[in-house]
Protein chains: 2
Amino acid sequence: MKTLKELSDELKRNNIRLTHQRLKVLEYLSNSKTHPTVEEIYSALKKEVPSLSKTTIYNTLNYLSELNLIKALTIDENEAHFDADTHTHGHFKCSACGKIYDFDINIDSFDTEHLNNFEINEKIVYFKGICPRCLSNINIE
Amino acid sequence: MKTLKELSDELKRNNIRLTHQRLKVLEYLSNSKTHPTVEEIYSALKKEVPSLSKTTIYNTLNYLSELNLIKALTIDENEAHFDADTHTHGHFKCSACGKIYDFDINIDSFDTEHLNNFEINEKIVYFKGICPRCLSNINIE
DNA sequence: TTTCCTCTTTGTAATGGTTACAAGTTATTA
DNA sequence: TAATAACTTGTAACCATTACAAAGAGGAAA
Ligand SMILES: [Mn+2]
Ligand SMILES: [Mn+2]
Ligand SMILES: [Zn+2]
Ligand SMILES: [Zn+2]
């Protein structure tokens, strides 16, 4: 998890203006552990910043993604989720409740000799299934 | 790679009608090594089956995905790609040319002790970067 | 064959996440 | 302060996908 200060320092380093809106998005995302969507970020911040536009959320998130300061997850088919944690880690999506969990994984332990001549820039691992909470709910019913 | 016969046998086994349209989609997908999109399948088959509707492609692909006879790939942010090969393997997407490559990977060698209480149904591995072909093109320029 | 019934295909309309764009606003520099 | 560049906002457009209803195809029973 990256702190807000680290994120804003990185923005300064890249000569990106630290606007009120961007700080709010960064703050929300770095305090969040649920990999929120644009819609979730928008409706949460709209209360504090009523003038906020959804386009600004998109702009900010796309910008930060390009700079590799955050990660966009495509584990959900129809909506992007965002992650302030850029350390390589796996994501588990529960098919029942939709929640996205983090898990540690040593991706570099992969044997990738087949890709010797490829330049690998990003390694993504998604697991899908049922989370413990939903498993126990099923058992109760 | 699954043969057309294997696929149609599996359809019969599941009491799914083997229509002309479905056979064409299956045939195209099982002969394909490029992980085609709906649009690609549609424009290719439209020549042979002029009455073909894009909705039928969607219906067929969604149906086969539910039955786990094919896999939908979400490695591309804005369009689904499809794969008749349901054996667990990794996918590499070239950021330059967009081509999606297969690679072998022993996914079960992962240490997933963090997910002991999770029911894991699907393991997905996506790599992104630059393919050898595009790497050599860059060097030429 | 004829009728009945169910499943399938097709075209069109709707949905929804995302992006393009232009106008207005804010920050920076001189 | 004026000039310039960057940023935000709202709206419209985009586009992959899904919903829906009507038409079509095919199997089973009689
Ligand atoms: Mn994460
Ligand atoms: Mn494949
Ligand atoms: Zn769950
Ligand atoms: Zn390439």
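Atoms considered below: every heavy atom in the structure, side chains included; atoms not considered: hydrogens, waters and symmetry mates. So you know, we letter chains A, B, ... as the sequences are listed, proteins then strands, and number each from 1.
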Shared hydrophobic cluster, Tyr126(A) / Tyr101(A) (ILVMFWY, side-chain heavy atoms < 4.5 Å): no

Just the rounded figure in Å: distance from [atom2] of [N] to [atom1] of [X].
| X | N | atom1 | atom2 | result |
| --- | --- | --- | --- | --- |
| Glu77(B) | dT17(D) | CD | P | 13 Å |
| Leu18(A) | dA6(D) | CG | C1' | 14 Å |
| Leu23(B) | dT8(C) | CG | P | 13 Å |
| Tyr42(B) | dT10(C) | OH | C1' | 10 Å |
| Lys24(B) | dT8(C) | NZ | C1' | 18 Å |
| Tyr63(B) | dT9(C) | OH | P | 10 Å |
| Asp76(A) | dG16(C) | CG | C1' | 13 Å |
| Arg22(B) | dA25(D) | CZ | P | 15 Å |

Heavy-atom closest pair, residues Tyr42(B) and Ser53(B): CE1-C, 3.9 Å

Over all atoms of both residues, closest heavy-atom pair of Glu122(A) and Lys71(A): OE2-NZ, 3.7 Å

Geometric class of the Phe103(B)/Phe127(B) ring pair [parallel <30°, tilted 30-60°, perpendicular >60°]: tilted

Sequence-distant partners of His89(B), side chain to side chain donor-acceptor pair (under 3.5 Å), two or more places apart: Asp83(B), His91(B), Asp102(B)

N or O in side chain of Gln21(A) less than 4.0 angstrom from dT9(D) OP1/OP2: yes

So which protein nitrogen or oxygen atoms get under 3.5 Å of nucleotides 25-30 of chain C's nitrogens or oxygens?
none

Proximity to DNA chain C (any heavy atom under 4.0 Å), residues of residues 48-61 of chain B only: Ser51(B), Leu52(B), Ser53(B), Thr55(B), Thr56(B), Asn59(B)

Interatomic spacing from CD1 in Ile75(B) to CD1 in Ile100(B) - rounded to 0.5 Å: 5.5 Å

Between CG on residue Leu45(A) and NE2 on residue His20(A), distance to nearest 0.5 Å: 9.0 Å

Lys46(B), NZ: over 12 other non-hydrogen atoms inside 6.0 angstrom: yes

His20(B) vs Asn62(A), nearer the 5' end of DNA chain C by closest nucleotide: His20(B)

Donor-acceptor contact present, side-chain Ser30(A) to main-chain Ala84(A), <3.5 Å: no

